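Worksheet for the structure shown next.
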Amino acid sequence: MKRAEFKKILKWAAVSLFWLAVWQLAAAAVGKELLIPYPKAALFSLIEMAGTADFWRAVAFSMLRIIAGYVSGVAAGAAGAVLSARFAVFKALFSPLLHLIRAVPVASFIILAFVWIKSPYLPAFIAFLMVMPMIWTSTQSGIENLDRRYLEMAKLFGLSPLKTFFEVKLPFIMPSFTASAISALGFAWKSGVAAEVICRPEYSLGKLLQDAKLYLETPRVFAVTAVVAILSIILETAVKRAAGRFANDKH
Amino acid sequence: MISIEHIYFSYGEKKVFEDFSLNIKSGDRICLFGESGCGKTTLLRIIAGLSVPDVGTVKRAESFRPSKVFQENLLLPFKTVLQNITLTGAEKSDALAHLAALGISGCADKYPSELSGGMQRRAAIARALSAEYSCLLLDEPFAGLDAQNISSAAEHISKSLDGRTLILVTHDKSEAEMLGCRIVKIG
């Protein structure tokens with residue numbers, strides 16, 4: 001292991017230990033497990049859950065729903081951005097809708113959509129709804145702010161439209177696209193789990209969270225929350241690595 | 001090769017060309033000379049087909065195929081120098097030969113951000129020379145180069161032309177002389 005990597009891990013461990021100590025102190029100060037459980041209690045609850053098949057099913061299905069919503073949101077947002085940048089009418093038609101989606105609280109959408117959509121599909125739809133405008137707006141601005149002089153250079157040297165798109169336009173647009181794709185993942189995850197908490201689909205982390213709250217199992221609430229946070233970090237790291245690999249390929 | 005007939009061109013209220021005509025034959029070497037803002041770069045853009053006059057016609061021969069050293073280099077920052085050159089369809093061997101002749105053969109695998117301003121300028125010249133062309137357009141091609149590099153780059157450009165057309169935009173008459181250009185005063 002390189003010295004820099006070791007230092008990074010050491011720093012991360014020290015920061016984690018600090019916040020665990022804060023948690024431990026807060027739990028000791030409050031003195032009621034119902035309000036703030038000790039880290040040890042949350043860990044035991046997590047170990048207990050991890051021994052059941054239902055927990056892993058919940059993890060798998062929650063991930064599946066949210067990733068499906070995220071991926072379709074990214075695809076729709078990117079397509080919308082391209083069409084908006086290309087056709088003024090399309091932009092004029094859809095920009096109020098994007099403003100509306102951004103302005104309305106996610107809880108309102110969850111309650112509204114719950115009337116129309118079956119609970120297993122609702123988290124995916126909500127994740128889609130959160131991701132799509134983020135990707136759309138930033139990718140569209142990336143396209144619109146593209147330096148036209150490079151396009152003129154491509155035209156002068158006789159590059160085909162396809163080559164111009166892949167070799168010139170795309171690498172310029174990618175930074176704004178990947179930045180929004182990374183931050184949208186966090187939003188997808190949070191809104192998706194929030195939707196699961198409200199609509200309680202079978203096998204979901206949201207349902208586990210809600211059940212733990214209903215039965216006043218606060219250590220379990222903390223344990224499920226920790227799982228949600230860890231999964232979010234893992235997915236975000238994966239997307240960042242993929243984006244980083246692309247950026248390195250293209251310098 | 002190019003016939004510009006009675007063109008008018010303006011940027012908003014500012015008139016750049018009024019009833020301007022110019023005829024450029026195949027193999028000509030001309031220098032568009034004039035003060036800043038007189039429309040030299042605009043004329044080069046019109047010749048290249050990147051700008052269209054408000055009125056008048058620009059006729060280009062079927063064989064017309066431009067290559068250009070842009071005023072701002074316009075090297076793609078996410079591609080190496082060699083990738084920037086071969087993107088135009090140029091052969092790798094031609095690209096390397098031009099880079100070597102311009103004294104920057106060691107820069108082929110470097111990114112533009114890793115090069116000095118003068119090296120980037122020579123890379124842009126190498127790209128223009130490596131591309132397939134019948135008419136070479138140079139917009140202030142030696143900006144940022146020292147006297148020795150200007151002289152060797154001009155010599156290499158002159159050799160590489162091989163009878164093809166050259167249109168140069170510059171403030172410096174000595175550059176036109178080095179490239180053997182006929183002066184056309186603009187403005």
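These figures come from a predicted structure and were not determined experimentally. Every chain is numbered from 1 and lettered A, B, ... according to where its sequence line falls, protein lines coming before strand lines. We use all heavy atoms of the structure for the numbers below, so side chains are in, but hydrogens, waters and symmetry mates are not.
With hydrogens and angles disregarded, no donor-acceptor distance shorter than 3.5 Å links the side chain of B:R29 to the backbone of B:A176.
Note: B:Y111 and B:F78 fail the aromatic proximity criterion, with ring centroids not under 6.0 Å apart. The aromatic ring centres of A:F87 and A:F90 sit 6.0 Å or more apart.
Of the listed residues (B:A48, B:A131, B:S67), the greatest number of heavy-atom pairs within a distance under 4.5 Å of chain A belongs to B:S67.
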(message) Let's go through B:D139 and B:T41 carefully: what are the C-alpha distance in whole Å and the side-chain angles of both, what is the deciding distance for side-chain hydrogen bond (donor to acceptor under 3.5 Å, both in side chains) to 0.1 Å, and is it a yes or a no?
(response) CA-CA 7 Å; B:D139 196 351; B:T41 295; 3.1 Å; yes

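Within the 4.5 angstrom heavy-atom criterion, only side-chain atoms of A:L159, from C-beta onward, approach chain B. With a 4.5 angstrom heavy-atom cutoff, B:E72 touches chain A only via side-chain atoms.
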